[in-house]
Amino acid sequence: NAGVMQNPRHLVRRRGQEARLRCSPMKGHSHVYWYRQLPEEGLKFMVYLQKENIIDESGMPKERFSAEFPKEGPSILRIQQVVRGDSAAYFCASGGLAGNTDTQYFGPGTRLTVL
Amino acid sequence: ILNVEQSPQSLHVQEGDSTNFTCSFPSSNFYALHWYRWETAKSPEALFVMTLNGDEKKKGRISATLNTKEGYSYLYIKGSQPEDSATYLCASYNAGNMLTFGGGTRLMVKP
C-alpha cells in the first residue's frame, strides 16, 4: 500500500513564475491537508480539502495561493507569481476520516526554492 | 491563534538513558493531541492520537500521557537508542481550528 506521494520533491522557480505542487493521498483516503514549513519555523496548516471541496482554507495566504482536489487525480497546491518568501517545504497529509481526531499520514514534502 | 509549546527544544542523551519531553496546548475546546516522529529527510511519522483525559498510549519503548484539564502531554522513551534520534512533534486540535503544531523537541541519542 503506497504511502502519500508528493512531486516534485524539489522545485526551483524564478520570481514571478508559477509553482504547482502535487499530492496523491494514500489509497482510500479522501481527506487532504497541506502544511508549510518556512525556514527555521514549524509546520503551519494551510488548507484542508475533501474530494472536490475546500473545507478549511484559513491558513492560506489571501493572494496567489490556491488548492484543489479534483474528483480524479492528485491534489494540487498552486502558487502564482512566486516570491522569495515562498521558499519553504510544503507537506501534504491524508486521512481516511473527517476531522482532526484521525491520524494524518504525511508525504515526503516538496522543497520549493525561489531564486 | 493557538499556542502549542514543546520543551525542551533539543535534548542530548546517552544510549540506554530514558527520557521524556513535554507538549503544552490550550485546554479549552480540546479535541485531540497528535504526536509525530520526524527523522531528517523523511516524512513525519504518526505515533499517537490521544483524545481522552488520562489517556496513556504505548508503542514499543515509546509511550505518551495526556492531561486535557491542564493542557499537557508527556512523551517518554525508555532505554533510548541511536535510531530514536529525531524531532518529536506534537499538534493540538481544538474546536474552530485546524491542527496546530508545536516547534518540536530535537532528540539526539549518542551511542
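Each chain gets a letter, A, B and so on, in the order its sequence line appears, and its residues count up from 1. What you see is a predicted model; the values in this text were computed from it and never measured.
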message: At a heavy-atom distance under 4.5 Å, which candidate from Ala46(B), Gly103(B), Pro44(B) has the highest pair count against chain A?
response: Pro44(B)
field: chain A neighbours within residues 62-81 of chain B, where any heavy atom lies under 4.5 Å away
entry: none
- prompt: Got a sec: does the CZ of Arg61(B) have more than 12 other heavy atoms crowding it under 6.0 Å?
  reply: yes
Glu63(A) atom CD, over 12 foreign heavy atoms within 6.0 Å: no
query: When clusters are formed by joining ILVMFWY residues with side-chain heavy atoms under 4.5 Å apart, either directly or through shared neighbours, do Met98(B) and Leu49(A) land in the same one?
result: no
message: In the structure I gave you, are the side-chain heavy atoms of Tyr35(A) and Phe101(B) within less than 4.5 Å of one another anywhere?
response: yes
Pairs of heavy atoms under 4.5 Å with chain A: top-ranked of Thr87(B), Leu99(B), Thr51(B): Leu99(B)
field: Heavy-atom proximity to chain A below 4.5 Å, by part of Leu33(B)
entry: neither
query: In the single-linkage hydrophobic clustering (I, L, V, M, F, W, Y; side-chain heavy atoms under 4.5 Å), do Phe65(A) and Val114(A) co-cluster?
result: yes
query: What part of Tyr105(A) gets closer than 4.5 Å to chain B, counting heavy atoms only: side chain, backbone, both or neither?
result: neither
- prompt: Are Tyr90(A) and Val47(A) linked, directly or through other ILVMFWY residues, by side chains that come within less than 4.5 angstrom of each other?
  reply: yes
query: With chain A, which of Gly102(B), Gly104(B), Ser43(B) has the greatest number of heavy-atom pairs at distances under 4.5 Å?
result: Ser43(B)
- prompt: Can you get from Leu11(A) to Trp34(A) by hopping between Ile, Leu, Val, Met, Phe, Trp and Tyr side chains that sit under 4.5 Å apart?
  reply: yes
message: Glu39(B): which residues meet the side chain to side chain donor-acceptor pair (under 3.5 Å) condition with it, sequence neighbours left out?
response: Arg37(B)
message: Just to verify, what does Glu18(A) make a side chain to side chain donor-acceptor pair (under 3.5 Å) with, not counting sequence neighbours?
response: Arg20(A), Arg78(A)
field: For Asn29(B), side chain to side chain donor-acceptor pair (under 3.5 Å) partners two or more places apart
entry: none
field: Co-membership, hydrophobic cluster, residues Ile76(A) and Ile55(A), 4.5 Å side-chain
entry: no
Spacing of OG1 belonging to Thr103(A) relative to OH belonging to Tyr36(B), to within rounding of 0.5 Å: 6.5 Å
- line: Cut-off 4.5 Å, heavy atoms of chain B, and the answer for Glu40(A) is neither
